[in-house]
Amino acid sequence: MNAGGRGAARAARGVAAMVAVVVAVAAAAAFEGCLAHGQEGSMRPIDVVVYSARRVRTLEPAQPLAEAVAVAGGKVREVGSLEAVRRAHPEARVVELPGVMVPGLADAHGHLRSLGNSLTVVDLTGAKSEAEVVARVKAAPPERRRSDWIEGRGWDQNLWPGQQFPGRAPLDEAFPDVPVYLVRVDGHAAWVNGEALRRAKVTGKTKDPEGGRILRDARGEPSGVLVDNAMDAAFKAIPPLTDEQLEARLASAVAKCLAVGLTAVHDAGMDLRTFTLLQQWDAVGRLPLRVYAMADGRGADGDAFLERGTFRGRMLEMRSVKFWMDGALGSRGAALHEPYADDPAQSGLLLWDAGELEARVHAFMERGFQVNVHAIGDRANSMTLEVLERQAKQVPGNPGRHRVEHVQVLRLDDIPRLARSGAIASMQPTHATSDMPWAEKRLGHERAKGAYAWKSLLEAGAKLAFGSDFPVEEPDPLHGLYAARTRQDARGQPEGGWFPEQRLNGEQALAGFTTGVAYAAFAEGERGRLAPGMDADFTVLSVDPVEAAPLEVRGAKVLLTVVGGREVFRAP
Ligand SMILES: [Zn+2]
């Protein structure tokens, strides 16, 4: 063996050791509460009266504020004053909570596997130039690589001088023979180098795939950015994760969610391998977070999910399917009725043939699945509503509560239409505040009035479910609560908020991350509020997210996360 070979073997052992540590740390963080009660791996709950000297915010209209909650068998048994609850349960242990108790915060749209990836690959978020991206990739330790590929995530050309898509030259110069695959912050474009293109067999002769675009230079050669479906060729050239790597990435994602106060996550398009692994964890009590999975409705995995039908485990449930109608606004992949204001040659990409999509939607509805469609541009949203309305009528006995994911840009007359249809608007408040520096340029002022229009939707009678779309945005629901109330960035800009008429009050914002998420999962009778009979899922915060000033909410601390009566995270 030559020196290089020994080095590689050493590096491989190093990676294995690191992965083992990640799994152990994540598991310890997740199951600490359980171990404390001597029931490793079981779901045995604590039997206590918990109370807050500050307040308990219940989101129960009849009794919005309380002091104490009795918990037994993983359920809330009683809510009221400390004196009354203690009197009713004299046998119970009484535990004082370190802050304000609210119903378990939940995220209606995130991606666990991608979050795990983003916690593992080179972090490019916030990079202020192409050069900074290249420097971060160069500085990354070799164990970040999958096989010899270097992966990164989080770049955003809107933060760079000129705001232009990058070319492959700087990557080729730094990495002439190592393939590099860097995903844009929204997950809808990849910046790659020549070696990655070579391995993906993408050349000047390669045609743009359906629903995708290979950006090209003046000679027609790939210039280094692949948009939407064009990313597939390069992504598929990367060797798959080992089981160990996948487990480690998922464990770190789950631990991260619990640490930011989330008790439940809706995974917006899960692949079969991830689902199978989570099923195994759930079967042995190793899944500390509630996961409401949307099956990825595409391709072979979609076929398999359709055949298997819906699933309900202890913490894991799958009764919904995800489709993608269009791309994202940042990469001009969102499908618009009229061309982009800042690029009149483009009006976005539809990722599906309409007939094919409709047939799939029909098939999944017949199998009892809720259908959740990613729609960002106003054209994609109109088409999604059409498909959902038509198919819901055609499939008697379908479960209803179908969802539009993102609902980012709506024609104003689609706002009451969405409400009438009964579809749920699954929205991400932090998308508005991340996109507001450039969204109006893409859309023009008039169209921007129907963008991220959650207040208009609420007033029209639509149901809102809020999330973050992690890892596109940070998973922290406190950031989302802040964005929903202010439509401002972390520094309080712009003054008064961007299209401030769309701001929500504190209670509406909190409902979006609790009762709204529960309703979107058919679980409003089990979660989202603190009332007798509900699951004992709650989050303890350093402030009251309804009454505290928005900036205080954004800067608040998550002190404790409890799922089904079990402590799954406590702030160190
Ligand atoms: Zn998403």
Side-chain angles (χ1 to χ4, degrees), residues 106-119 125 153-154 156 183-190 211 227-229 231-232 235 249-250 253 256-257 260 262 264-271 274-275 291-298 301-302 318 320-331 333-335 348-352 370-377 380-381 384 402-409 423-435 439 451-452 454 464-477 479-480 483 512-513 516-517 520-521:
D107 189 315
H109 185 122
H111 303 270
L112 287 170
R113 184 172 176 167
S114 300
L115 177 61
N117 289 344
S118 75
L119 294 169
T125 49
R153 179 164 181 138
D156 181 356
V183 176
R184 192 180 184 279
V185 63
D186 62 6
H188 284 269
V227 179
D228 283 313
N229 289 353
M231 298 162 70
D232 284 0
F235 183 73
R249 289 185 183 197
L250 284 172
K256 174 76 179 175
C257 289
V260 299
L262 291 171
V265 161
H266 296 191
D267 191 288
M270 193 177 279
D271 64 286
T274 299
F275 180 67
V291 179
Y292 182 82
M294 307 177 204
D296 184 336
R298 299 170 296 187
D301 281 8
M318 178 176 282
S320 63
V321 62
K322 167 94 180 283
F323 296 107
W324 284 257
M325 189 64 94
D326 65 344
L329 202 58
S331 43
L349 295 170
L350 286 173
L351 303 185
W352 278 80
Q370 173 195 49
V371 173
N372 306 342
V373 184
H374 163 121
I376 292 197
N381 273 283
T384 297
H402 305 299
R403 298 166 48 165
V404 188
E405 300 298 322
H406 306 309
V407 205
Q408 240 167 56
V409 187
I424 292 164
S426 170
M427 304 180 80
Q428 300 76 34
T430 42
H431 277 342
T433 50
S434 292
D435 298 357
Y452 318 88
W454 46 72
L464 295 180
F466 279 162
S468 67
D469 202 7
F470 64 72
V472 177
E473 307 285 348
E474 297 287 333
D476 307 57
H479 293 192
F513 282 98
V517 184

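All residue numbers in this chain count up from 1 along the given sequence. All ligand and atom numbering here is 1-based and tracks the order in the structure.
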Problem set entry | Trace of the side chain to side chain donor-acceptor pair (under 3.5 Å) decision for E405 with H109 | CA-CA 8 Å; E405 300 298 322; H109 185 122; 2.8 Å; yes

For this session: Look only at the side chain of N381 and the backbone of I376, and say whether a donor-acceptor pair between them is shorter than 3.5 Å.
Result: yes

Problem set entry | Any N, O or S atom of H111 closer than 2.8 Å to the Zn ion (ligand 1) | yes

Problem set entry | N, O or S from H406 under 2.8 Å to the Zn ion (ligand 1) | no

Exercise. Taking atom CG of N229 and atom CZ of R298, what is their separation to the nearest 0.5 Å?
Worked result: 7.5 Å

For this session: Hey, could you give me the CD/CD distance between E473 and Q428, rounded to the nearest 0.5 Å?
Result: 8.5 Å

Exercise. Closest to the Zn ion (ligand 1), which N/O/S atom of D469 is it?
Worked result: OD1

